[in-house]
Amino acid sequence: MSNHTIRAVTALAALSVALGLGACGTTTATNPVGAAASTAAGTAASTAPGSAAKATGQAASAQVADAWVKAVDTGMTGAFFVLKNTGSTPIHLLSASSPISPMVQMHETVMGTGGAMAMQEKQGGFTIPAGGSHEFKAGGDHVMFMGVSTAVKSGTTVTFTLAFEDGSTLPVTAEVRTFTGAKETYVPGATTGTNSMPGMTPTPGTSGTTASHG
Amino acid sequence: MAKHPAPLPLDEQTVPGGAAEASSAAPSRRSFLGVGAALAGGAGAGLVGYGLGNSQTGVAPSAVAAASSEGAAPDAPWAGSVIPFIGAHQAGISTPPQAHATFVALNLTPGVGQDGLRRLLRQWTNDASRLQRGIPVLGDPQPDLASPPSRLTITVGLGRGALAEAGLLERAPAWLAPLPAFSIDKLEQRWNEGDVLAQVCAEDPIVLAHAVRALLLSATGIATVHWQQRGFRRPVTSTSAMRNLMGQVDGTVQPVAAELEQSVWIGADGPDWLRGGTSLVLRRIRMDLDTWDALDPQAKEQVIGRRMTSGAPLTGTKETDVPDLAATRDGLPVIPEFAHIRHAAVTTAGQKILRRPYNFDDTPAAGSSAEAGLLFAAFQADPVRQFVPMQQRLATGDLLNFWTTPIGSAVFAILPGPAEGEILGQALVG
């Protein structure tokens, strides 16, 4: 292998790490917009320069990649990402919070009574086994922001914080994107009571509520 | 030039920054682009990371996984090839041209301002960095179309209108404006200018179409399509010369690698936000194939100044021979006064332009047999210094004008390549 090649391979490997492709938790490189990847250390460094307190507990094993939020004027929207547990013990995601929303919930998508997919609050949050990962995706599990009062514009970023069972937290920076797919309704009478949340609009012809965020 | 079966594309993929152009002892169009040099001479000194093994290292693991399915036969040699997005220069300029290209120009929605431009560039940076690796964009409605990476490149530029909308006109170089009118022009507004440009190229047209759509989805609410032009040429693996639809070998004279700094990349004398960038002149040139086809082969060769089959100048025997414009026979110039190559010829590196043309072949108008021509894409550091004088010579003396008509014209400032963690246009709106 020539020196050129070795250098190139090294550079590519560095790029892969920085872009969150198999990145480890020690990534301290700049947070590239090409990835919206967050690690416990990396995000802390990028969101709180100079005070990069390293995440502890379960958050230290948590790694978020490909985080994005659906653009919305006001009302509700969702966050989608891949949460990986790089540790050797399970981690338990309990809740999330964000400056853009007074109420953030963890949601799952289930088959509704009419055969269409419908979403409801996920009681108890999500457990990710050691070495495992969980995809929060449009049309599936996701983090839901309600009562958004300021426009969340595509091409900007949104921050939110994941909180784990042991009280540890992981800040995440997500890219805001335009998205129109994966429309579902809410399960009628679901225990979340989300139908009364601000920003929800009853949809004629359905017994539930339609959300356009996925 | 040596002919080898199905050579791998020789991209800059192992050297971020697109700085891997090979220097060649015998420059030609293809050797300038790295292909010919490696084919003819092997991986000699100065060649970087060329060859099958090295090309494979340029493919991100996830892209490989996405590109291959279990038990599948080996894909085309270019399928898994990734061209790096991060670097001093954007990809898709000195990159050996891919088989397919879509040029799409958008106009910013009035009122979106600098914030709108920044939002668009941030999304396109994110999109391009993923798509060039064969990875779906965030929220991709058709993630299965993102791979294999297929040498995809996304090259972004700004028209004068983008700087106007962003309130940044004072930072626009003087050349970022419509070209002066040429006597041969019959421009149609539907093909002219545009605020923001994406040149999207790939070997696989499905991957290309997906990438274009992803970029347009990201522009939702910020900009709308002004025009879209699609073109094609030979796959990068072809050892046959690029030809236009008039049958001519096209794009023989190009700057060699060592001349790119002078001829293509904008340096310290340009605006700070364009250093490492360049300019694109895109001319949509319609060809009147019916009248062209009526010419006999000898007449066609007199018009262009080259042999049709070999591409050799009328004073030489092979494509790479330098035309002898002074040569005479029986008292007459061998290359006629009206020949295309006489008027297109330039002698200094600072005058040369990097041509990256694509053919188009669209739906003929009623009563016509063809709506065909060339998307003449030329990259140069300064269009007024380099492109305009050449076009003026061609407009006045080139007999080829009888069969070709420019019907669209656009000038864009092509942004420098992004550094890691930066967006395209970082130094302008970041």
Side-chain angles (χ1 to χ4, degrees), chain A residues 1-22 29-37 42 45-46 65-73 78-82 137-139 142 151-157 174-182 213-214, chain B residues 12-17 20 43 46-51 53-54 57-63 82 84-87 112 115-130 132-133 135-142 217-222 418-424 426 430:
Chain A
M1 208 185 253
S2 70
N3 284 340
H4 284 126
T5 307
I6 292 167
R7 194 170 64 212
V9 171
T10 305
L12 190 81
L15 183 68
S16 296
V17 169
L19 293 177
L21 301 173
T30 53
N31 201 19
V33 296
S46 65
D66 292 355
W68 63 282
V69 167
K70 180 189 174 300
V72 66
D73 286 336
F80 313 95
F81 52 93
V82 177
K137 60 184 178 182
H142 57 275
V152 177
K153 292 184 174 179
S154 64
T156 63
T157 58
E175 300 286 323
V176 180
R177 311 286 297 192
T178 299
F179 186 75
T180 56
H213 72 273
Chain B
E12 307 91 323
Q13 59 193 2
T14 56
V15 182
L47 298 179
V48 183
Y50 289 163
N54 293 336
T57 64
V59 179
S62 59
V82 171
F85 173 70
I86 300 290
V112 298
D115 181 61
L117 179 59
R118 181 186 304 109
R119 288 165 50 211
L120 180 64
L121 292 173
R122 182 180 181 90
Q123 291 181 85
W124 279 11
T125 301
N126 192 311
D127 293 340
S129 73
R130 300 174 69 93
Q132 288 191 194
R133 289 179 286 150
I135 299 171
V137 297
L138 297 173
D140 199 322
Q142 306 291 353
L217 288 178
S218 290
T220 304
I222 303 173
E420 284 184 41
E422 291 187 350
I423 65 169
L424 289 162
Q426 181 83 24

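Predicted model, so just to flag it, every value in this text is computed and none were measured. In what follows, every chain begins at residue 1, and chains take the letters A, B, ... in the order their sequences are listed.
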Return the set of residues passing side chain to side chain donor-acceptor pair (under 3.5 Å) with Arg119(B) (not counting sequence neighbours), or none when no residue passes.
Ser154(A)
Checking heavy atoms, do the side chain of Leu121(B), its backbone, both or neither come under 4.5 Å from chain A?
neither
Gap separating the OG atom of Ser129(B) from the CD1 atom of Ile423(B), nearest 0.5 angstrom:
12.5 Å
At a heavy-atom separation under 4.5 Å, does Leu120(B) approach chain A through its side chain, its backbone, both, or neither?
neither
Measure the CH2-CZ distance between Trp68(A) and Arg177(A) for me, rounded to the nearest 0.5 Å.
8.5 Å
Tell me, out of Asp115(B), Val137(B), Asp127(B), who's got the most heavy-atom pairs with chain A below 4.5 Å.
Asp127(B)
Arg130(B) side chain near Leu138(B) side chain, heavy-atom distance below 4.5 Å:
yes
